[in-house]
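Here the structure is laid out as structure tokens; the discussion comes afterwards.
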Number of protein chains: 2
Amino acid sequence: MTSAVERAQTQLRKGVLEYCVLASLRAAPAYGLELATLLGRDRVLLASEGTLYPLLSRLRTQGLVATTWQESTSGPPRRYYELTDDGHAALDAFTATWQPFRDAVDSLLEDPR
Amino acid sequence: MTSAVERAQTQLRKGVLEYCVLASLRAAPAYGLELATLLGRDRVLLASEGTLYPLLSRLRTQGLVATTWQESTSGPPRRYYELTDDGHAALDAFTATWQPFRDAVDSLLEDPR
DNA sequence: ACCGGGTTCCTTGCGGTGCAAGATACTGCT
DNA sequence: AGCAGTATCTTGCACCGCAAGGAACCCGGT
């Protein structure tokens with residue numbers, strides 16, 4: 001059985017990961033595996049690519065990212081993802097939602113001693 | 001259709017709410033509706049009681065809380081919930097998980113300009 | 001020519017959790 | 001009796017992350 005901490009981490013990622021991907025694209029476009037290694041580096045934000053691709057597909061359907069294919073010298077072509085205007089707006093809206101949420105959790109978890 | 005912000009908030013709550021309940025019980029025992037009004041006050045952490053009771057049931061099954069019935073002068077008897085030793089330990093473990101997670105999200109969302 | 005390993009994309013089935021809506025039941029007031 | 005308020009719990013649903021696996025491409029070694 002997976003540990004309680006791992007289960008907790010999995011649940012924490014729900015809904016946050018989507019916007020972490022958008023945030024990762026704010027500076028520059030990137031392709032799938034690049035995002036996977038970036039977000040999965042310390043195993044805090046992403047556990048496997050099986051999560052990422054369906055998520056990217058959703059973002060594309062919702063119009064938050066646009067994609068272009070580019071050749072690679074080291075394998076099959078890469079699909080690059082780029083923020084749209086709607087994507088920027090969604091990221092801003094989430095940031096405004098995240099901050100009060102984070103503060104509410106922080107203040108509850110603070111040890112009241 | 002529900003707004004994107006509401007959907008995001010719902011997803012944010014996943015897995016966090018459970019430990020917010022434990023944190024709310026750290027100082028003193030409480031009963032269901034009391035927790036519901038406390039956590040739902042600003043609509044940040046809890047949307048409805050339909051979430052809370054199954055959650056409390058799970059906590060009981062997992063042995064993180066213990067319960068006692070107490071009469072009420074203003075309605076049906078109340079079931080009071082109280083943290084067990086395992087509950088305290090789970091809350092501490094979650095706090096240690098939450099902090100790096102929160103910091104990872106914060107640093108990604110920070111505007112890199 | 002062929003095979004194996006690295007790269008890149010994607011799909012399937014599953015499990016866990018929050019939500020709205022409604023069901024049940026007890027109290028006290030009219 | 002009837003109604004509003006208090007309190008607990010159940011049902012059906014929707015969503016998202018995950019592990020596991022599959023398909024296709026490139027290159028270097030044998």
Side-chain angles (χ1 to χ4, degrees), chain A residues 1-21 30-40 43-62 67-81 94 101, chain B residues 1-22 30-40 43-62 65 67-81 94 101:
Chain A
M1 152 179 160
T2 58
S3 81
V5 168
E6 284 166 29
R7 263 194 320 108
Q9 248 176 357
T10 292
Q11 293 305 319
L12 278 180
R13 293 190 258 255
K14 298 227 169 171
V16 180
L17 183 53
E18 172 175 345
Y19 297 97
C20 289
V21 168
Y31 65 98
L33 263 194
E34 193 179 355
L35 291 168
T37 57
L38 175 68
L39 294 168
R43 298 268 130 184
V44 169
L45 294 177
L46 178 68
S48 89
E49 311 145 31
T51 305
L52 190 60
Y53 285 104
L55 193 164
L56 287 169
S57 204
R58 255 180 281 143
L59 294 179
R60 206 166 9 130
T61 303
Q62 295 170 14
T67 69
T68 54
W69 286 98
Q70 273 174 251
E71 297 296 325
S72 161
T73 59
S74 62
R78 300 164 173 171
R79 195 204 280 272
Y80 275 82
Y81 296 84
F94 175 78
F101 175 81
Chain B
M1 156 182 159
T2 58
S3 80
V5 167
E6 284 165 30
R7 262 195 321 109
Q9 247 175 359
T10 293
Q11 293 307 316
L12 278 179
R13 292 190 259 254
K14 299 229 166 170
V16 179
L17 182 53
E18 171 176 347
Y19 297 97
C20 289
V21 169
L22 292 181
Y31 65 98
L33 262 193
E34 193 179 357
L35 291 167
T37 57
L38 175 68
L39 294 168
R43 298 270 131 183
V44 169
L45 294 176
L46 178 68
S48 90
E49 312 142 29
T51 304
L52 190 61
Y53 285 105
L55 193 163
L56 288 168
S57 202
R58 254 181 281 144
L59 294 178
R60 206 167 8 130
T61 303
Q62 297 170 13
V65 300
T67 70
T68 54
W69 284 98
Q70 271 173 251
E71 296 297 325
S72 162
T73 59
S74 62
R78 300 164 173 173
R79 194 204 280 272
Y80 275 81
Y81 296 84
F94 175 78
F101 174 81

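Reminder, nothing fancy here: chain letters follow the sequence lines and each chain counts from 1.
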Would you mind reading off the distance between [X] atom [atom1] and [N] atom [atom2], rounded to a whole angstrom?
{"X": "Arg43(A)", "N": "dA19(D)", "atom1": "CZ", "atom2": "C1'", "value": "11 Å"}
{"X": "Gln70(A)", "N": "dC25(D)", "atom1": "CD", "atom2": "P", "value": "19 Å"}
{"X": "Leu56(B)", "N": "dC9(D)", "atom1": "CG", "atom2": "P", "value": "8 Å"}
{"X": "Leu55(B)", "N": "dC9(D)", "atom1": "CG", "atom2": "C1'", "value": "14 Å"}
{"X": "Tyr53(B)", "N": "dG22(C)", "atom1": "OH", "atom2": "P", "value": "18 Å"}
{"X": "Gln9(B)", "N": "dC15(D)", "atom1": "CD", "atom2": "P", "value": "17 Å"}
{"X": "Leu39(B)", "N": "dG18(C)", "atom1": "CG", "atom2": "P", "value": "11 Å"}
{"X": "Leu46(A)", "N": "dA19(D)", "atom1": "CG", "atom2": "C1'", "value": "12 Å"}

Please check the phosphate of [N] (OP1 and OP2 only) for any side-chain N or O of [X] closer than 4.0 Å.
{"X": "Arg79(A)", "N": "dC9(C)", "value": "no"}
{"X": "Arg7(B)", "N": "dG18(C)", "value": "no"}
{"X": "Ser48(A)", "N": "dC18(D)", "value": "no"}
{"X": "Arg58(A)", "N": "dC15(D)", "value": "no"}
{"X": "Thr51(A)", "N": "dC18(D)", "value": "yes"}
{"X": "Tyr31(A)", "N": "dT8(C)", "value": "yes"}
{"X": "Arg13(B)", "N": "dG18(C)", "value": "no"}

Considering heavy-atom distances to DNA chain D, does Pro54(A) or Gly75(A) have its closest nucleotide positioned more toward the 5' end? Pro54(A)

Residues Val16(A), Phe101(B); criterion side-chain contact (heavy atoms from CB on, under 4.5 Å); working and verdict: CA-CA 10 Å; Val16(A) 180; Phe101(B) 174 81; 4.0 Å; yes

Give the nucleotide from the list [options] with an atom nearest to the side chain of [X].
{"X": "Lys14(B)", "options": "dG18(C), dG17(D), dT8(D)", "value": "dG18(C)"}
{"X": "Pro76(B)", "options": "dC9(C), dC10(C), dT6(D)", "value": "dT6(D)"}
{"X": "Thr10(B)", "options": "dC16(D), dC19(C), dA24(D)", "value": "dC19(C)"}
{"X": "Ala47(A)", "options": "dA7(D), dC19(C), dA19(D)", "value": "dA19(D)"}
{"X": "Glu49(B)", "options": "dC9(D), dC19(C), dA25(C)", "value": "dC9(D)"}

Please work out if [X] contacts a base, only the sugar-phosphate, or nothing of the nucleic acid, heavy-atom cut-off 4.0 Å.
{"X": "Ser74(B)", "answer": "sugar-phosphate"}
{"X": "Tyr80(B)", "answer": "nothing"}
{"X": "Gly32(B)", "answer": "sugar-phosphate"}
{"X": "Tyr81(A)", "answer": "sugar-phosphate"}

Nearest 0.5 angstrom please: Glu18(B) CD to Gln11(A) CD, how far?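 Rounded to the nearest 0.5 Å, the CD-CD separation comes out at 8.5 Å.
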
Rounded to the nearest 0.5 Å, what separates atom CG in Leu12(B) from atom CZ in Arg13(A)? 14.5 Å

For Leu52(A) versus Ala36(A), what's the shortest heavy-atom pair and its separation?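 Looking at all heavy atoms of both residues, the closest pair is CD2-N, 3.6 Å.
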
Shortest non-hydrogen contact from Gln9(A) to Val44(A)?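 The pair with the smallest heavy-atom distance is NE2-CA, 4.4 Å.
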
Treating Ser57(B) as the side-chain partner and Tyr53(B) as the backbone partner, does any N or O pair qualify as donor plus acceptor under 3.5 Å?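 Checked: no pair found.
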
